[in-house]
Amino acid sequence: MAYWLLKSEPDVFSFADLQAVRREPWNGIRNYQARNFLRQMVPGDLGLFYHSNTQPPHIAGVLRVVREAYPDDLQFDPASEYYDPKSSAEALRWSMVDVGAVAAFPQPVTLEDLRALPEWAESPLVRRGNRLSVMPLSEAEFQAALRAGGLPETTS
DNA sequence: GCCAACGTTGGC
DNA sequence: GCCAACGTTGGC
């Protein structure tokens, strides 16, 4: 079981949106490091849903990976902002996974809250200028965030 | 292969 | 709105 953090701007797609649709392809990732993490995901892995570009930035809930990485169809759609003319089925560039909502945090955990948690001291998320939108978490980071958010540690 | 210019992310 | 961080692009 691996743990992850996935960022989304809530104005674009929020945790409440994920709860409403139940299941969603995590598409539009156009960064190689983030893509490589997507490809490491396994159904059953748990993740934190982070709301970026909002005031204050915060973790809103827990998600679960429900389908392993497969081709992100937006890379082949010329009408999409995520279209990539250099990608092809033979030389695939971008992947996505499907995720589902597990539970909303009773208390959203802000970036400031995370900085106060000793378990998060080494996380790139709490460092200035971090732009990675998909990153692995240690079990200690994951569980500490759940505690801070008011969820029991066993959400699986 | 280097690196300057540029673009994007995302906190503040 | 500003700007730090940093990935990408393209000239050479």
Side-chain angles (χ1 to χ4, degrees), chain A residues 2-21 24-41 45-65 69-99 101-138 140-151:
Chain A
Y3 301 97
W4 307 95
L5 183 138
L6 288 79
K7 292 183 187 175
S8 181
E9 299 186 18
D11 290 348
V12 178
F13 187 76
S14 69
F15 188 74
D17 293 332
L18 179 60
Q19 288 180 302
V21 298
E24 180 77 2
W26 203 266
N27 55 24
I29 298 297
R30 296 293 179 268
N31 168 282
Y32 287 106
Q33 196 178 357
R35 180 207 68 182
N36 292 342
F37 288 135
L38 288 179
R39 290 180 176 176
Q40 293 173 26
M41 292 182 184
D45 283 356
L46 294 175
L48 300 178
F49 194 120
Y50 180 85
H51 283 170
S52 64
N53 251 319
T54 190
Q55 193 52 249
H58 62 277
I59 298 169
V62 179
L63 59 77
R64 188 193 314 275
V65 176
Y70 62 108
D72 180 342
D73 45 11
L74 298 181
Q75 70 198 302
F76 303 123
D77 177 4
S80 169
E81 62 175 313
Y82 297 112
Y83 176 59
D84 185 346
K86 294 178 180 170
S87 188
S88 66
E90 300 75 30
L92 183 75
R93 278 200 169 182
W94 307 114
S95 300
M96 60 185 179
V97 297
D98 286 355
V99 300
V102 174
F105 274 14
Q107 309 148 222
V109 177
T110 66
L111 184 58
E112 185 184 5
D113 294 335
L114 289 174
R115 291 199 168 110
L117 298 176
E119 293 88 348
W120 281 75
E122 301 305 314
S123 170
L125 186 78
V126 303
R127 289 205 277 273
R128 176 170 184 75
N130 162 65
R131 295 183 302 158
L132 187 60
S133 61
V134 178
M135 69 187 77
L137 299 177
S138 69
E141 288 168 341
F142 182 80
Q143 301 293 5
L146 259 60
R147 275 195 302 278
L151 285 178

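The model shown is predicted, which means the values in this text are computed figures rather than measured ones. Residue numbering restarts at 1 for every chain, and letters A, B, ... go by the order of the sequence lines.
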Between A:Lys7 and B:dG10, is there a contact of a side-chain N or O with OP1 or OP2 at under 4.0 Å?
yes
Is it the case that the side chains of A:Asp98 and A:Tyr70 hold a donor-acceptor pair, with the cut-off being a distance below 3.5 Å and no angle test?
yes
Nucleotide of C:dT9, B:dG11, B:dG10 approaching A:Lys86 most closely (side-chain heavy atoms):
C:dT9
Please determine whether the number of non-hydrogen atoms from other residues, nucleotides or ligands lying under 6.0 Å from atom CD of A:Glu112 exceeds 12.
no
Mind calculating the distance between OH (A:Tyr32) and P (C:dG7) to the nearest angstrom?
13 Å
How many Å lie between CZ on A:Arg35 and C1' on C:dG7, as a whole number?
14 Å
Does the side chain of A:Tyr82 get closer than 4.0 angstrom to OP1 or OP2 of B:dT8 through an N or O atom?
no
Which whole-number value in Å describes the distance from A:Arg131 CZ to B:dC6 P?
17 Å
On the nucleotide B:dC12, are OP1 or OP2 found under 4.0 Å from the side-chain N or O atoms that A:Arg115 carries?
yes
For atom CG of A:Asn130 and atom C1' of C:dG7, their distance in whole Å
13 Å
Which atom pair, heavy atoms only, marks the closest approach of A:Lys7 to A:Trp26?
O-CZ2, 3.3 Å
Whole-Å gap separating C1' (C:dA5) and CZ (A:Arg127)
12 Å
Between B:dG10 (C1') and A:Leu6 (CG): distance, integer Å
16 Å
I want to check something: taking the side chain as every heavy atom from C-beta on, are A:Glu141 and A:Met135 in contact at a cut-off of under 4.5 Å?
no
Would you kindly give the CE-to-P distance between A:Met135 and C:dG7, to the nearest whole Å?
13 Å
Measure CG/A:Leu5 against P/B:dG10 and give the value in whole Å, please.
11 Å
